[in-house]
There are 2 protein chains.
Amino acid sequence: MRSNRVQNSSRNDLPEEGKGEKARERILAAARQVFAQYPFKAASTRLIAEAAGIERPLIHYYFGSKAKLFEAVARDLFEEFNQAHLSFLQGVERLPPREGLSLYLDRLLDYTLRHPEPMRIILVNMAQIGNLDEIPGYQYIPLHLEEIRHILENKVPLQGPPSEIQMFFLCFNNLMISFLGAKSCQAQVLGLDPEGPEYRQWIKDALLTLFAPWLARLIFPDSNR
Amino acid sequence: MRSNRVQNSSRNDLPEEGKGEKARERILAAARQVFAQYPFKAASTRLIAEAAGIERPLIHYYFGSKAKLFEAVARDLFEEFNQAHLSFLQGVERLPPREGLSLYLDRLLDYTLRHPEPMRIILVNMAQIGNLDEIPGYQYIPLHLEEIRHILENKVPLQGPPSEIQMFFLCFNNLMISFLGAKSCQAQVLGLDPEGPEYRQWIKDALLTLFAPWLARLIFPDSNR
DNA sequence: GAATGTTTTTACAGATTGGTAAAATTTTTC
DNA sequence: GAAAAATTTTACCAATCTGTAAAAACATTC
């Protein structure tokens, strides 16, 4: 009975949320915050339960285990990010490379500064991939990175070799993950306020400085010679 | 009596290591590996003791607490890296920018592939800086990043504005941390073996592609116009 | 309204954790 | 070689962890 509960993740035939569904959503939302703050092992079910305002065994009642909760969180979170990511790219391909990248960055930074969880969850957990005690939910991280790249390739007319496009993407995204996932550390090195507009501007400047020339080469491979 | 033990970290007046000093070194070496594999909280004293081949309370006898052990590990580790880093730069400033960067990268990758702990310890712990339960040893991470930048600035004649040099450095180092600290994840996205020579070459290519043009602009600010 | 299903709460359990204290053992000092 | 110091081992502890089971409470169905 309980296993059906856990697997039943489509809600499109329910007219209104029951109590169970409300509790479930509250746990998911709380877990999202806690998993974004701490690596999986340090993100205790007690912390999640407190943040959700529920009794701890409800986590197991609704999700089966902490690892399955992480999976559910990661699946939802990255799916939302993918959808949002599509919208970041609207109209970008019609602009010159630098302007296009600038617009994309504005949108991406708007989203990720309001929703820091994807970047943080990636950063705090990515190094545990490949460990013996790896949990299944971690695999959403590389899958997500690949998905984002496909979205980008489909929307922006890049002309370089696929391996170079992948390199571009991976470098770009890893810097986003580092700068947004470890804001306190980076901002401390820079002497900035991690939540301030200067730090956001710094990220944008850094990424434009680094990636705009490369993007131009990928869009117009012969015109910069 | 025990607090004197913990604080007594200079050994330059002892003719030969006693048993205690040997045990201490074994704990430090084991802790280095465990702290490089797991975030601080997940790096249990039991794991460290097992890796060191000692009984667990010896950690407290020699170091006082897990957090203090982390501090001792981080201090040693980053100091060693700083010294090694000096040698990576020998002769680099006499080469053209791309060649100099290539040589530096070869040396840096040689070192960090044999000693992955600095990058890993940074990556698995950097996002916890600024958290309420932050431990003092974490502060070695931003301090180390600043120290490395100073070493670089002293050895390589960069002409750009200090803020741009810092940006260059921070972008460069964060990518190294990501690519070396989370090898399994990155290599999975790339479809490579994380310990294979192709992945190492990929890192080098990525960093050269991204940073060689920028480095040239920082060394010869007017000659590329 | 009773029976059934769902949700929540309470209690429990084994395992693990960081740390402490005391006993045992080893080493050093005189 | 006895005493003192250093080191190691053993035993213990409170706290925390994830997870389970049962009881209680609530909601739904007929």
Side-chain angles (χ1 to χ4, degrees), chain A residues 1-8 11 13-28 30-31 34-35 38-73 132-133 135-137, chain B residues 1-8 11 13-28 30-31 34-35 38-73 132-133 135-137:
Chain A
M1 191 196 77
R2 274 200 186 153
S3 65
N4 288 341
R5 164 63 61 183
V6 175
Q7 303 300 336
N8 185 10
R11 296 282 176 258
D13 54 347
L14 290 185
E16 187 179 335
E17 279 194 339
K19 288 189 65 168
E21 189 52 33
K22 283 191 163 88
R24 200 171 185 281
E25 300 294 341
R26 279 167 57 198
I27 298 170
L28 279 170
V34 176
F35 285 138
Y38 297 106
F40 178 74
K41 197 133 187 206
S44 66
T45 53
R46 182 181 63 84
L47 275 174
I48 294 164
E50 276 176 7
I54 55 146
E55 299 289 334
R56 191 170 55 74
L58 285 187
I59 289 169
H60 305 93
Y61 177 75
Y62 283 108
F63 294 97
S65 69
K66 186 168 91 165
K68 290 209 167 70
L69 174 60
F70 184 92
E71 264 190 85
V73 166
L132 268 186
D133 48 1
I135 57 168
Chain B
M1 190 195 79
R2 275 204 187 147
S3 65
N4 288 340
R5 164 63 60 183
V6 176
Q7 302 301 336
N8 185 9
R11 297 279 176 260
D13 54 348
L14 290 186
E16 187 178 337
E17 281 192 337
K19 287 190 69 169
E21 189 52 33
K22 283 190 163 85
R24 200 172 185 279
E25 301 293 341
R26 278 166 59 201
I27 297 169
L28 279 169
V34 176
F35 285 138
Y38 297 105
F40 178 74
K41 195 129 184 210
S44 67
T45 54
R46 183 182 61 83
L47 276 174
I48 294 164
E50 276 176 7
I54 55 144
E55 299 291 334
R56 193 168 51 76
L58 284 187
I59 290 169
H60 305 94
Y61 177 75
Y62 284 107
F63 294 97
S65 68
K66 187 168 89 163
K68 290 207 167 71
L69 173 60
F70 184 92
E71 263 190 85
V73 167
L132 268 188
D133 48 1
I135 57 169

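Worth saying up front: this structure is predicted, and the values here are computed from it rather than measured. Below, read A as the first sequence line, B as the second, and so on, with proteins coming before strands; counting in each chain starts at 1. Computed from heavy atoms alone, side chains included, the values below leave out hydrogens, waters and symmetry copies.
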Rounded to the nearest 0.5 angstrom, the CG-NE2 distance for A:L69 and A:H60 is 9.0 Å

Rounded to the nearest Å, what distance is computed from the [atom1] atom of residue [X] to the [atom2] atom of nucleotide [N]?
X      : N      : atom1 : atom2 : result
B:F63  : D:dT7  : CZ    : P     : 12 Å
A:Y38  : D:dC17 : OH    : C1'   : 15 Å
A:I59  : D:dG19 : CD1   : C1'   : 11 Å
A:D133 : D:dT18 : CG    : P     : 14 Å
B:K22  : C:dT27 : NZ    : P     : 11 Å
A:I54  : D:dC26 : CD1   : C1'   : 17 Å
A:I48  : D:dC17 : CD1   : C1'   : 12 Å

Just jot down the side-chain contact (heavy atoms from CB on, under 4.5 Å) partners of B:K41, sequence neighbours excluded, or say none. A:A42

Geometric class of the B:F35/B:F40 ring pair [parallel <30°, tilted 30-60°, perpendicular >60°]: parallel

From the set C:dT9, C:dT27, C:dT7, return the single nucleotide nearest to any side-chain atom of A:E55. C:dT9

Quick test of your reading: applying salt bridge (Lys or Arg N to Asp or Glu O under 4.0 Å), list the pairs with at least one residue in residues 46-55 of chain A, sequence neighbours left out, ordered by first then second residue. A:R46-A:E50

Shorter than 3.5 Å, N or O on both sides, protein versus nucleotides 17-19 of chain C: list them out with atom names.
residue, atom, partner, partner atom, Å
C:dT17, OP2, B:R46, NE, 2.6
C:dG18, OP1, B:T45, N, 3.3
C:dG18, OP1, B:K66, NZ, 2.6
C:dG18, OP2, B:T45, N, 2.8
C:dG18, OP2, B:T45, OG1, 2.4
C:dG18, N7, B:R56, NH1, 2.8
C:dG18, O6, B:R56, NH2, 3.3
C:dG19, OP2, B:H60, NE2, 3.3
C:dG19, OP2, B:K66, N, 2.8
C:dG19, N7, B:R56, NH1, 2.9
C:dG19, O6, B:R56, NH2, 2.9

Would you say C:dT20 has OP1 or OP2 under 4.0 Å from some side-chain N or O of B:Y61? no

Kindly say if B:K19 contacts the phosphate of D:dT7, meaning a side-chain N or O under 4.0 Å from OP1 or OP2. no

Compare all side-chain heavy atoms of B:I59 with those of B:I54 and state whether any distance is below 4.5 angstrom. yes

A:A43 and A:I48: which non-hydrogen atoms are nearest, and at how many Å? O-CD1, 4.1 Å

